[in-house]
Every structure is written in structure tokens, then in C-alpha cells.
Number of protein chains: 2
Amino acid sequence: MPSGTESRRVTIHDVARAAGVSRQTVSRALNDKGEIDDSTKQRVLEAARTLGYRPSRFARGLVRQDTISVGLVIPDLLNPFFTEVAAAALEAARARGWHVLVYDTADSAQEELGTLQVIASQVDAVVGYFSRTESEIEQWTRGLPVVLIDRAEDAERFSSIRIDGRDGVRAAVSHLVQAGHRRIGMLDHAARAEPSVRHAWFADALTACGLDDGPVCRAEQSVEGGERALEHLLTQHPDVTAVFAFNDVIAIGALRAARRTGRLVPRDLAVIGFDGVTLGTLVEPPLSSVALDIRRLGVLAVEQAARLLTGDSPLAPDDLVARAELRLRAST
Amino acid sequence: MPSGTESRRVTIHDVARAAGVSRQTVSRALNDKGEIDDSTKQRVLEAARTLGYRPSRFARGLVRQDTISVGLVIPDLLNPFFTEVAAAALEAARARGWHVLVYDTADSAQEELGTLQVIASQVDAVVGYFSRTESEIEQWTRGLPVVLIDRAEDAERFSSIRIDGRDGVRAAVSHLVQAGHRRIGMLDHAARAEPSVRHAWFADALTACGLDDGPVCRAEQSVEGGERALEHLLTQHPDVTAVFAFNDVIAIGALRAARRTGRLVPRDLAVIGFDGVTLGTLVEPPLSSVALDIRRLGVLAVEQAARLLTGDSPLAPDDLVARAELRLRAST
DNA sequence: AACGTTCCCGTGAACGCTCACGGACGGAAG
DNA sequence: CTTCCGTCCGTGAGCGTTCACGGGAACGTT
């Protein structure tokens with residue numbers, strides 16, 4: 001039966017004593033080093049087994065600093081876009097033999113701050129999405145490599161994986177116009193106070209096609225948010241015949257709302273999203289999207305983190321770009 | 001420019017020297033302990049800043065063993081079911097202040113072994129999905145708490161979160177029978193050699209309803225796998241009017257294959273899945289499913305890991321069960 | 001003047017492990 | 001018999017941090 005006392009950890013010394021050897025010999029046995037007789041090795045292993053010995057990762061890490069771990073910060077793992085980014089980052093990290101600590105900040109600035117406060121003491125580099133200001137981030141991560149993804153404003157002090165959807169969005173709008181649409185709305189995201197960069201691309205594309213500004217409605221970052229936003233948009237602007245959404249999740253919400261309100265997509269309403277998530281191919285109708293190579297985001301971020309960590313030739317900002325291009329499906 | 005020499009890490013001692021104080025005073029300044037003059041505190045902080053000092057997590061962890069980290073092992077993060085499990089586990093761990101190392105084994109026994117070999121030296125507990133034998137798992141995780149999820153066979157040596165879908169599957173089959181279906185097929189999963197437990201439930205339910213065994217086809221764990229499997233099943237058994245799938249991902253594949261081959265769901269073919277993933281509500285038609293509380297899986301696993309870790313009153317196997325129940329939507 | 005308090009700060013030890021070194025032992029070569 | 005080498009094993013040191021303790025200075029109290 002387990003003793004009531006808070007039992008001390010079993011250390012390498014205990015194993016050594018039990019096996020009648022020195023610490024070093026135990027270390028040799030456990031790490032498959034040479035310079036040890038096979039019989040004693042077995043004896044040591046046996047002693048370790050019966051004692052339930054498990055080496056301390058801290059002590060080991062202190063003396064040989066080989067294992068690298070990176071923190072991956074994601075706003076919402078249930079959002080299929082971030083899931084794909086995370087999966088790609090995980091794979092890239094695994095290929096390097098890195099360990100990945102994942103933090104889901106639940107789309108909350110508060111949780112993000114909490115993550116920032118603890119992450120620096122747990123990892124060798126940080127990769128992911130942050131909404132806080134650069135100085136806040138720097139305050140908590142001072143000294144360790146940080147790679148931001150899809151930063152709203154240009155990142156000055158950190159490396160950042162930029163998303164360039166200007167051409168893609170223009171192609172999307174242009175395609176809608178050629179299909180006869182004249183009144184195109186947008187479902188922007190609602191998280192930030194000011195309109196998003198994607199909205200700017202959208203507005204530019206409209207003027208490039210000789211159209212006036214389209215009506216905009218803010219949407220929560222969820223399917224339900226997209227549904228609500230589309231209904232709101234269509235009641236306020238019934239003349240809208242096509243919508244561009246901040247991302248595919250919102251666009252899928254729009255798809256559902258359209259169906260629910262008896263509109264046929266794309267006949268009564270054309271819908272086009274952004275990101276190009278796999279999920280877009282599963283809904284009905286399949287979603288047109290200004291798609292980007294999502295995997296590239298995660299891979300690039302890890303790649304850059306690696307370069308920052310080793311110090312050799314980090315990628316230039318121009319190389320840290322994922323360009324989006326129009327991918328047409330049945331929703332337009 | 002960075003010096004060519006492999007520069008030594010800047011330690012607490014360097015900061016102490018730069019600030020003209022002792023290590024302990026530096027420690028006090030950094031950890032917001034008392035017993036330090038505010039002016040010297042600022043001076044130390046300034047010195048640390050300019051030197052780019054960052055405390056070693058290993059040294060810190062060695063002396064104060066407070067931070068706990070758990071390894072979460074997932075076969076495929078892109079599978080929406082595992083995504084939901086992971087999200088729940090992450091949240092539960094965060095609530096405890098734990099850190100989570102995520103490992104995606106890519107549905108590969110080889111990667112799983114690789115994960116097993118490194119995970120033990122990085123975490124305080126392991127939670128997740130494993131396909132290897134218990135002795136293999138134990139060999140690499142000896143001594144640290146392990147909580148398995150949805151283990152195919154009953155786990156003897158480890159805690160395991162069990163999924164009980166017997167009643168749910170029976171309800172599903174019974175519902176299909178009452179709707180007039182007499183020839184019900186199943187799309188089982190293809191990973192293991194023998195039929196799955198869910199197939200056993202399915203077979204039991206059939207006999208309980210007085211039906212003969214239904215035709216079975218193995219499917220890969222993906223939407224595409226589900227598509228292929230349904231086509232194969234229907235060509236071999238054209239009389240099938242309803243299918244039960246091993247999980248929702250495969251069921252969604254069946255939905256798509258049905259649509260593609262001109263069958264209307266549920267009129268020409270009824271489809272019912274397992275798991276109850278959120279994705280099932282987004283496809284068309286929405287997917288009926290033998291649904292379980294997916295979040296509960298992740299939460300329970302973390303909860304049990306916590307109990308095993310602290311040693312107080314681990315949950316009994318009977319409490320580590322997630323029961324599935326029929327959730328009817330438009331696909332039946 | 002002697003004493004107790006409070007406020008700061010420093011010193012040794014400890015955490016658990018690996019690395020570099022040295023030493024004992026036995027057998028082969030001179 | 002000496003010398004040398006290879007095998008096996010132990011000892012001290014060090015990784016970077018915090019904890020427990022002690023001590024000096026400044027201040028007030030009797």
C-alpha cells in the first residue's frame with residue numbers, strides 16, 4: 001500500500017545504490033552508451049524497473065540542451081482553418097524533431113495574455129496568431145524567436161507570415177461581375193474595430209471593376225455568425241445578388257442562411273469565401289473561395305522559427321508570403 | 001553583426017554581475033518576491049533587459065516542480081472528430097494550468113512508436129489514442145500516468161475512456177427498421193484486421209430487430225474512403241437501402257457518393273453515422289448519427305490523468321464511459 | 001547604551017543529471 | 001617481468017535556478 005508520506009522522487013542515485021554501482025554507470029545503462037558490461041547493464045535496468053525510476057526531464061535538459069520545443073498559439077482549434085494551420089505546423093515541427101506546445105486562446109484577448117505570460121518560460125520559440133500589440137507580445141517574449149501569422153498590420157519587430165489576397169479577391173470580384181452581378185456585399189469579420197485588410201482588397205476590387213462600394217455587414221467568426229450576418233445584410237440590402245465573405249467559415253454560414261431563407265445558391269445568391277478550407281468541398285453547394293495554401297502558413301512559420309533559432313539567414317519578409325488565388329466551385 | 005563564436009547562454013549570474021548584486025537578488029527581482037529595494041529591482045530588470053536574459057526553464061523546473069505538462073496523442077488532427085477531442089482536452093488542461101504537448105501520429109503505427117519513444121521524457125502524463133499493444137505502450141511510458149481513449153479491446157493496465165454505443169446503435173437500427181428498411185449495410189473502418197466493436201453492436205442490433213446480417217464494406221478513415229466504400233457496397237449489394245457508418249467522416253463520404261451516383265438521401269438511401277461531430281450539421285442533408293458527448297472524452301481523460309498524477313481516488317472504469325445516443329437529422 | 005525590528009542583501013546548498021577525467025584490472029606484446 | 005592497451009567503472013565538477021539561512025545596516029525603544 002502506498003505510504004501516506006509525500007514520497008520523494010526516485011533519482012538516479014537510488015537506482016545506483018540499489019544496483020550497487022555509481023550514478024554514471026546507471027546513466028550509461030539507460031542511455032545505451034558503451035563502456036559498460038552487459039551483465040551490470042541488465043542489473044541496472046532491472047533495478048530501475050523495480051524502483052519505477054524515470055529520469056527528470058529538467059535535469060536532463062539542463063545538462064544537454066538538445067530538445068527543442070515550440071509554442072503554437074491558435075485562436076480556436078475548432079475553426080477548421082486554424083485546424084489546418086495547426087496540423088501543418090505540427091507536421092513541420094515533427095519533421096525537425098521538435099516538440100509542440102499548443103495553446104488555444106479561445107478567441108479571447110484575456111486568454112491570449114495569459115498564454116503570453118506563461119509561454120516564454122516553456123518553449124524555445126513561439127509561432128502563431130496574436131491580436132495583442134507588438135509591444136505587449138515583446139514584453140512577454142523578450143529574447144525568444146516569434147513568428148506571427150496573418151498579422152493585421154505589418155509586423156515591425158517580429159517575423160510575420162503575410163497573406164496576400166489582393167489579386168485573388170480582385171479575380172473573385174471580377175468573376176462575379178462578369179457573371180452579371182452588380183450589387184456585391186461583403187461579410188467582414190467583427191473582431192476588430194476597423195474594417196479588415198480583406199475588406200480593403202474587396203473595396204479596391206470593386207472600384208477596379210467600376211462598381212460602387214458594396215454593403216458590408218460584420219460577422220462573428222463562426223458558421224452561426226455568418227448566418228446571422230447574411231440575413232442582416234439581405235434584409236437591409238435586398239438588391240444584393242452576391243456576397244464575398246471574410247473567410248470560408250462565415251461563407252458557409254451564408255450558404256446555410258441562404259438555403260434557410262429559400263434562396264438557391266448560386267442562382268439567387270452567389271457566395272464566395274476566403275481561405276480555401278477543405279470543409280468548403282463538403283458543403284452543398286461546394287464553396288468557391290479565394291484560396292491559399294494553408295499548409296504553407298504553418299510550414300513557413302516553423303521554418304522561419306528554425307532559422308531565427310539557429311541564427312542563420314532568416315527568410316526575408318517577401319519570402320514569408322502566402323498568395324491566395326481564386327478557386328471556383330459551385331457556389332458562384 | 002553576430003559573432004562567429006557559439007556564444008554561451010546568458011545566465012542569472014551574468015545579470016547579477018552586470019547589476020552589481022547577487023544571483024538571489026536577481027531572482028527576487030525577476031520573480032516579484034519581496035525583500036528587495038525598488039531601485040535595485042529596477043536596476044536588475046534593466047540589466048536583464050539589456051543582456052537579453054531569459055531564465056532556463058530546465059533549471060527553474062528542476063528546483064521548483066510546479067509546472068505540469070501532459071502529452072496529447074492524436075491519430076489525425078485533420079479528422080474533425082479528433083479535433084473536437086483535442087480542443088476539449090486542451091481546454092480542460094488549460095483550466096488546470098497544465099501545458100499540453102500535442103503529437104499527431106498521422107494514423108501511422110510507425111509514427112506512434114516514434115512518439116512513444118520520446119514522449120515519456122517530455123511530459124508528466126500521457127493522454128490519447130494508441131493502436132499499439134499495451135505492453136509496447138507500457139515499455140515506453142513506464143511510471144507515468146497514461147489514459148487511453150476508445151481502446152479497441154478493454155484496457156487492463158491503463159485507465160481508458162470507454163465508448164458505449166450499444167444502445168445508441170440499437171436505437172439507430174431500430175429506427176431504420178421502423179422506417180421500413182430491411183437491408184441495412186455497414187461501412188466499417190479498415191484500419192484493423194478484425195471487425196470493429198461498433199460492427200458488433202451493429203450486428204447485435206440487427207438480430208435484435210429480427211434481421212439477418214447486413215453486408216459490410218471496409219472504409220478508410222476519410223471522406224474519400226467513405227465514398228469509395230459506399231460505391232463498392234452498393235454495387236455488390238444493390239438492394240441495400242440504408243447504411244450505418246463506423247463514424248461520421250465515413251458517413252459524410254457515403255452522403256457524397258450517394259449524391260454523386262444520383263441517389264437522393266434519405267429517399268433512396270438512408271445514412272447514419274457515429275460520433276456526432278459538428279461537421280455533421282453542416283453537410284446536406286444534415287447527418288443523423290449515434291452521437292456522443294465528444295468533449296466529455298477529452299475532459300474525462302484529462303480529469304483521470306490529474307487524479308492518477310496526484311494519486312487520489314482515480315475514477316473507476318464505470319465512470320470513464322461516454323454513452324452514445326441516437327441523434328436524428330435529415331439523412332434518415 | 002544596549003537591545004529588538006525591519007529592511008535588504010548575500011552565501012552555501014540542493015535539485016537530478018551528464019561530461020570529462022582518471023584509475024583499477026586483466027590480458028597481450030615486448 | 002615490464003610495458004602497453006582495452007575494458008569497465010567511479011569521482012568531481014558543472015548545468016542554471018531557487019530555497020533556507022544568516023548577517024549587516026538603519027531605525028526606533030527602553
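In the text below, chain A, chain B and the rest are named by the order of the sequence lines, each starting its count at 1.
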Could you tell me the separation between the [atom1] atom of [X] and the [atom2] atom of [N], rounded to a whole number of Å?
| X | N | atom1 | atom2 | value |
| --- | --- | --- | --- | --- |
| A/Arg64 | C/dA20 | CZ | C1' | 16 Å |
| A/Glu35 | C/dG22 | CD | C1' | 12 Å |
| B/Asp38 | C/dC7 | CG | P | 14 Å |
| A/Asn31 | C/dA20 | CG | P | 14 Å |
| A/Phe58 | C/dT18 | CZ | P | 15 Å |

Salt-bridge criterion met for [X] and [Y] (N-O under 4.0 Å):
| X | Y | value |
| --- | --- | --- |
| B/Glu303 | B/Arg96 | yes |
| B/Asp14 | B/Arg9 | no |
| A/Asp66 | A/Arg64 | yes |

> Across the strands shown, which category fits B/Lys33 at heavy-atom distances under 4.0 angstrom: base, sugar-phosphate, nothing?
Replying inline: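 Counting heavy atoms under 4.0 Å across all strands, the contact made by B/Lys33 is with sugar-phosphate only.
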
> Heavy atoms under 4.0 Å, any strand shown: does A/Ile36 hit a base, just sugar-phosphate, or nothing?
Replying inline: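 Sugar-phosphate only.
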
>> So if I take residues 12-27 of chain A and measure heavy-atom distances to DNA chain C, which residues fall below 4.0 Å?
In response: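 Nucleic-acid contacts, sorted: A/Ile12, A/Arg23, A/Gln24, A/Ser27.
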
>> If you compare all heavy atoms of B/Thr105 against all heavy atoms of B/Pro75, which two are closest, and at what distance to 0.1 Å?
In response: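 Here B/Thr105 and B/Pro75 meet closest at OG1-CA, 3.3 Å.
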
> Taking for each residue the nucleotide of DNA chain C with the nearest heavy atom, is it B/Thr40 or B/Gln65 whose nucleotide lies nearer the 5' end?
Replying inline: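 Here B/Thr40 is the residue nearer the 5' end.
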
> Taking for each residue the nucleotide of DNA chain C with the nearest heavy atom, is it A/Arg28 or A/Val10 whose nucleotide lies nearer the 5' end?
Replying inline: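 Whichever sits nearer the 5' end wins; that is A/Val10.
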
> Between the axis at one end of the helix from C/dA1-D/dT30 to C/dG30-D/dC1 and the axis at the other (five pairs apiece), what's the angle to 10 degrees?
Replying inline: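 What I find for the helix from C/dA1-D/dT30 to C/dG30-D/dC1 is an axis angle of 60°.
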
> So, the side chain of B/Asp150 versus the backbone of B/Ile163: is there a donor-acceptor pair under 3.5 Å, distance only?
Replying inline: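 No, the answer is negative, given that no donor and acceptor are paired below the 3.5 Å cut-off.
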
>> Can a donor-acceptor pair be found, under 3.5 Å and without considering hydrogens, that links the side chain of A/Thr141 to the backbone of A/Ile137?
In response: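 Side chain of A/Thr141 to backbone of A/Ile137, a donor-acceptor pair under 3.5 Å: yes, one is there.
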
> Between which nucleotides of DNA chain D, read 5' to 3', does contact with chain A run, using atoms under 4.0 Å from its heavy atoms?
Replying inline: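 Listing 5' to 3', DNA chain D meets chain A from D/dC8 to D/dG16.
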
>> On the nucleotide C/dT18, are OP1 or OP2 found under 4.0 Å from the side-chain N or O atoms that A/Arg60 carries?
In response: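 The answer is yes; a side-chain N or O of A/Arg60 sits under 4.0 Å from OP1 or OP2.
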
